[in-house]
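Everything below concerns the one structure shown next.
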Amino acid sequence: MDYDPQDIEERWRERWAETGRYEADPGDADDDATFITVPYPYPSGGMHMGHVRTYTVPDVYARYRRQRGDNVLFPIAWHVTGTPIIGAVERLKKGEKEQLSVLRDTYDVPEDTLQDLETPMGYARYFIEEHYKRGMKSLGLSIDWRREFTTNDERYSKFVTWQYETLRDRDRLEKGLHPVKYCTNEEQPVTTHDLLEGEEAEYQEYTLIRFGLDDAVVPMATLRPETVRGVTNAYVDPDATYVRATVDGETWLVSETAAEKLRLQAHEVSVTEHVAGADLVGRSVTNPVTGDAVPILPAAFVDPDNATGVVMSVPAHSPDDYLALQEAKADDERMERYGVDPDAVAAIEPVPILDVEGYGDVPARDAVESAGITASDDPELEAVTKELYNREFHGGRLHDDYGEFAGEVIEDVREAYRETGVEAGNFDTMYEFSEEVVCRCGGAVEVAEQDTWFLSYNDEDWKQATKRVVENMECIPENTRGEYDHTIDWLNEWPCIRNYGLGTRLPWDDDFVIEPLSDSTIYMAYYTLAPRLQEIPVGDLDREFFDALFYGADAVDDPDPRALDLREEWQYWYPVDYRFSANDLISNHLTFYLFHHAELFAESEWPAGIVIMGMGLLEGQKMSSSKGHVVLPDEAIQAYGADTVRFFLLNSAEPWQDYDWRADQVESVRDQLERFWNRATELVPEEPASTFEDDRPALEHVDRWLLSKLQRTISEVTEAMEGAETRTASQTAFYDFEESLRWYRRRADVDRPAAQWTLRHALETRLRLLAPFVPFMANELHERLTGRPAEEAPWPDVDPELTDRTVELQEARIEQLTEDVHDIVDVTGTDPDTVRVYVAADWKRAVFEAVAEAGPDVGAVMSEAMSDPALRERGDAVNDLAGELVELVRDLDETTVDTMATLDERAVYEAAAAFLEREFDATVDVYDEDADPPDPGEKAGDAVPFRPAIHLE
RNA sequence: GCGAGGGUAGCCAAGCCUGGAAACGGCGGCGGACUCAAGAUCCGCUCCUGUAGAGGUCCAAGGGUUCAAAUCCCUUCCCUCGCACCA
């Protein structure tokens, strides 16, 4: 019967759906409950091959644990919180070309369905049903479908509400100011998806150095606050409009636009007077740190729309400032026009504040001079500046007048220096974007500061508790452990609410919604409750209900019995044994997951393990739905079958390694599976027999060899699966054993009943090992072979009765001999009629015994051998041979060597003579070297134990 | 810059932790068997040299440790990913 994956797979899908095969419920207390999760998909688009492995790896592990007898729960749900889906719907409604192309071309959304996607939940629902669910079912994922939910469900919101109320009570939430993107036209915060320009823009935190001018503060914005001692002058744009304004009760002088920005950034601002930039030029301002008075000079390069519109000049360390100063000095006329005394300008000299290797006293001068730059419009200036800034930041050491910071490298102390200045009242802070940002409505977007709730991931005791979670957790691969610790150390407060989006409202202020990374930290617990929670009215799911559920009957005055009932269910499944996730989520989602479990649940419910998965490429390149560079699971399953897709994904790399979906490789996998299928069906009997154990025929040497290899396969596959090494496991069960089978078919008369029995036994075992990977094919064949699906059969155990080291070693000799004869045939280009094989003489054998006795040490072997008078005579020859044999034995364990010592080589080769005659179409004669054999090629003397001499005629 | 992971024969890729095989396997290529033929299947070969199972030169580059290094150490070059308030 031909391999027809579509037919086979469809039948199993139906069967699994009809029987609810993977629905898991709590069983007996002594059951082994295994709970496996994976981040729920975010259906802002369709599922493509990049997602497929993410869900297939945990499925394979789940199937493995089930075969090992565990009660396994593998659920899924849908993350619809936040703004991406809303953004996608907006773009669709506006008829954006790019968005329509992604939907129509990349994800094949039918034309008449597009309008259903015009509401957020309609959009989400389409991709959930038509892509994710359909794809997951096609792939045969062993999911308990009764437990699915979305994060927009009202009961889920009740659960998140409980979580955030609890966190607030425990002081893990705090209120504070936070920079947000704010559209000045729409007068509201916007997200990255709302932007027309500047999606890449970053928040830059400027330090404002509070220079003084009479009674007013002139805040100079800088990213390098430590250069404050090197300021020689200030610059304003003489043509721009500045204002005198009251800012938080003080008088400030800033550009007109800066005043507006300061107002957005939580300052009280009222403008009292407009001032022309030119009127400020020529006046002097006082440096708050040094107390020095420096002049304000005119400069056209000052941008009044950036930061405060007033900049300080540090000519010793800024190439721009250095050149601007040179230009000012060279243009007396211009200075005079603005009422600046040219002599005062001429007197300005750069003031160095740090030393940096590779530059002289005045690094900026060196930098521009060595690059041959003379004008501030030189295109090379930017690169030179960047280079200098970098060198100064990473290697610049501050001069002595920096007090406690003297001698320190900028990189290490900039932040501390800044804070000291802020505390002393000399510095302030202002945010600005790194580039221009424009809203889709056309309005300018500025940085605003808004009151926000934060999760206090910076709390030291919370960090410590989370580190204990990591300590007790299994990290796969192990080298990710440090990354969690690193993230915990570095994590700061996290703003956990947004102004809009789908999801749960902040319980005490429904203007805000809890953002996606914050509403998904403990939802694994919700899986254990989801189906039965449906029976409980939403109104009953209050704080008390969940307190009773998660903290027990004693936690509340009047516990709801339904909550206590659910508590048992939760406790049965929790903790999560393995969460399968992706590398880039360590620095946020996964660590949040650990934080919240550490805080909210007892140690016994903490995450037990996380498996990190690598990412997927398509034909060597990153997948991208916007470029259409994706493969949809449906297409691939249609073309190759789900088993092929699964096997390729699991077999081409270990879960934590990156993999590359390549059509030619996938095709080859499909061919391999087909070949396997064809071979297997030849062994399927007319009537399925449940077992052949009762009528096992007498086995021959080769049969025992294959069965012994099979035992080795079982133990290797099992060990690999325990470590979630799906590549090693599938490689071993499939390809490696295939190698053994190839040899077996060559060696054995496979029509014998014993061979048939052996092949069927091996097939049955292998189907069970492969069932997690290719469940459709493995179950089908196993059922045809034995009457029950592979997944109903237990995971194979190693049968010590069938493990036979001696047989394996014997067969290895025959393989070696065959290969050697082949080599000689190839090299000589002859076609022998006679193959003579000479087994090493007895004394050589004795040397091997000495090696086995003394171990891999030539000296020890020699003293052992020399005690034998017969060997002593042969002195040098024994020494040479001992060296050779020690080499041979070095890597082998003692049991193997001892077994080798008992091997009767002559008998082994003679038993294989018939095979060798077939193989080479020649007469094969086996002789003892020391029995005076016919030796036309004078080869017999070359024989060595386990390496017989060969002569071809 | 910081943190992580890499660079292995035409391509993909194992081995590296726990030094001791020109280095698993696949794809592609070449030759052969079977066949009317094609496909499938099977068997060889696929760094260089070689009419005897061998020798030579190799695992980004350069040094070092060692009797012995793809494997350990150092230096350099190159690639990928993350560095947040975004899922």
Side-chain angles (χ1 to χ4, degrees), chain A residues 39-45 79-85 87 178-181 191-193 199 202-203 390-391 393-395 411 452 454-455 457 477-480 482-483 486-487 490-498 501 515-518 520 582-589 591-592 612 614-615 617 620 622 651-654 656-660 662 664-669 671-672 674-675 678-679 727-728 731-732 734-736 738-739 742 745-746 816-830 832 856 886-888 890-891 919 937 939 942 947-952:
Chain A
Y40 40 26
Y42 200 100
S44 56
H79 200 190
V80 299
T81 309
T83 56
I85 291 172
H178 181 73
V180 296
K181 298 187 175 92
T191 70
T192 309
H193 295 287
E199 285 102 324
E202 291 170 17
Y203 295 105
N390 244 316
R391 296 279 285 274
F393 181 61
H394 296 293
E411 183 175 14
T452 292
F454 292 88
L455 283 159
Y457 293 139
E478 180 59 36
N479 65 17
T480 55
E483 291 208 51
H486 186 257
T487 305
W490 151 99
L491 216 47
N492 231 312
E493 300 137 316
W494 181 270
C496 62
I497 56 172
R498 297 291 178 269
E515 64 88 36
L517 284 166
S518 301
S520 55
N583 196 258
D584 51 346
L585 294 181
I586 293 179
S587 60
N588 48 51
H589 163 71
T591 303
F592 293 3
I612 288 301
M615 58 163 213
L617 298 175
K622 222 169 162 172
N651 188 260
S652 58
E654 298 293 4
W656 42 89
Q657 297 172 321
D658 295 347
Y659 67 96
D660 187 3
R662 290 165 44 135
D664 59 338
Q665 306 273 312
V666 179
E667 222 152 292
S668 134
V669 165
D671 290 346
Q672 303 275 8
E674 181 162 15
R675 197 174 307 171
N678 292 337
R679 280 270 154 63
R727 180 191 145 90
T728 304
Q731 193 92 21
T732 305
F734 195 82
Y735 292 104
D736 290 357
E738 206 60 44
E739 294 277 294
R742 203 180 304 176
R745 280 189 217 101
R746 211 165 135 190
Q816 178 72 58
L817 178 58
T818 312
E819 196 187 314
D820 283 347
V821 175
H822 262 298
D823 278 354
I824 299 169
V825 167
D826 282 343
V827 140
T828 57
T830 55
V886 161
E887 197 73 14
L888 173 75
R890 175 142 41 206
D891 272 345
E919 192 74 10
K939 297 284 181 192
D942 295 342
R947 209 71 198 279
I950 297 164
H951 181 252
L952 307 187

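Remember, it's a predicted structure, so these values are computed and weren't measured experimentally. A, B, ... follow the sequence lines: proteins, then strands. Residue 1 opens every chain.
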What is the distance, to the nearest angstrom, from the CG atom on A:Leu517 to the P atom on B:rC83? 12 Å
Side-chain atoms of A:Arg746 come closest, of B:rC43, B:rA52, B:rC86, to B:rC43
In whole Å, I'd like the distance from the CZ atom of A:Arg745 to the P atom of B:rC43. 8 Å
Separation of A:Arg679 atom CZ from B:rA40 atom C1', in whole Å? 11 Å
Name the closest nucleotide to the A:Ile824 side chain, picking from B:rC85, B:rG3, B:rG53. B:rG53
Per-residue pairing states of RNA chain B in dot-bracket (Watson-Crick or G-U under 3.5 Å; . unpaired, | other strand) read ((((((((.[[[..)....(....]]]((((((.......))))))(((....)))...[[[[[..)....]]]]])))))))....
A:Ile950 side chain near A:Lys939 side chain, heavy-atom distance below 4.5 Å: no
With rounding to the closest Å, how many angstrom separate the P atoms on B:rA21 and B:rC78? 35 Å
A:Gln816: side chain to side chain donor-acceptor pair (under 3.5 Å) partners, not counting sequence neighbours: A:Asp820
In whole Å, what separates the P atom of B:rU49 from that of B:rC43? 27 Å
Does one side chain, of A:Thr480 or A:Glu483, offer a donor that lies under 3.5 Å from an acceptor on the other? no
Set of side chain to side chain donor-acceptor pair (under 3.5 Å) partners for A:Glu674, sequence neighbours left out: A:Arg670
How is A:His822 classified with respect to the nucleic acid when contacts are heavy atoms under 4.0 Å: base, sugar-phosphate, or nothing? nothing
Rounded to whole Å, how long is the line connecting atom CD1 of A:Ile950 with atom P of B:rA52? 14 Å
Check A:Trp490, A:Trp494, A:Phe592 against A:Tyr457 for a ring-ring contact (aromatic ring centres under 6.0 Å, His included) and give me the one that passes. A:Phe592
Taking NE2 from A:His486 and C1' from B:rG82, how many angstroms apart are they, rounded to a whole number? 11 Å
Answer with base, sugar-phosphate or nothing: what part of the nucleic acid does A:Ala949 contact at a heavy-atom distance below 4.0 Å? base
Rounded interatomic separation in angstrom, taking CZ from A:Phe592 and C1' from B:rC85: 8 Å
Which whole-number value in Å describes the distance from A:Asn583 CG to B:rG3 P? 16 Å
Identify, between A:Lys939 and A:Pro516, the residue whose nearest nucleotide on RNA chain B lies closer to the 5' end. A:Lys939
Mind checking what makes salt bridge (charged side-chain N to carboxylate O under 4.0 Å, His left out) contact with A:Arg675, not counting sequence neighbours? none
Taking any heavy-atom pair under 4.0 Å as a contact, classify A:Pro948: base, sugar-phosphate, or nothing. base
Test of understanding: with side chain to side chain donor-acceptor pair (under 3.5 Å), list the residues that count as partners of A:Ser668, not counting sequence neighbours. none
Please list, chain by chain and in numerical order, all residues satisfying side chain to side chain contact (heavy atoms under 4.5 Å, CB included) with A:His486, sequence neighbours excluded. none
Selection from B:rA52, B:rC85, B:rG3 that lies nearest to any side-chain heavy atom of A:Val827: B:rA52
When all nucleic acid strands are considered with a 4.0 Å heavy-atom cut-off, which category describes A:Glu667: base, sugar-phosphate, or nothing? nothing
For A:Gln665, give me all partners under side chain to side chain contact (heavy atoms under 4.5 Å, CB included), at least two apart in sequence or on another chain. A:Phe648, A:Arg662
Considering only nitrogen or oxygen atoms on both sides, find all protein atoms under 3.5 Å from nucleotides 54-60 of chain B and state each distance.
none

Could you state the CG-C1' distance from A:Asp671 to B:rC42, rounded to the nearest angstrom? 16 Å
Is there side-chain contact between A:Ser520 and A:Thr81, with at least one heavy-atom pair below 4.5 Å? no
A:Asp658 vs A:Ile497, nearer the 5' end of RNA chain B by closest nucleotide: A:Asp658
List the residues meeting side chain to side chain contact (heavy atoms under 4.5 Å, CB included) with A:Ser44, not counting sequence neighbours, and say none if there are none. A:Tyr42, A:Pro84, A:Ile85
For A:Glu667, which residues count as a salt bridge (charged side-chain N to carboxylate O under 4.0 Å, His left out) partner, sequence neighbours excluded? none
Nearest to the A:Gln657 side chain among B:rU80, B:rA14, B:rG3, which nucleotide is it? B:rA14
Nearest to the side chain of A:Glu483, heavy atoms from C-beta on, is which of B:rA14, B:rC85, B:rA4? B:rA4
Going by side chain to side chain donor-acceptor pair (under 3.5 Å), name the residues that satisfy it together with A:Thr452, two or more places apart in sequence or in a different chain. none
Between the protein and nucleotides 23-33 of chain B, list every N/O to N/O distance that falls short of 3.5 Å.
none

Under 4.0 Å, heavy atoms only, any strand: does A:Ile586 hit a base, just the sugar-phosphate, or nothing? nothing
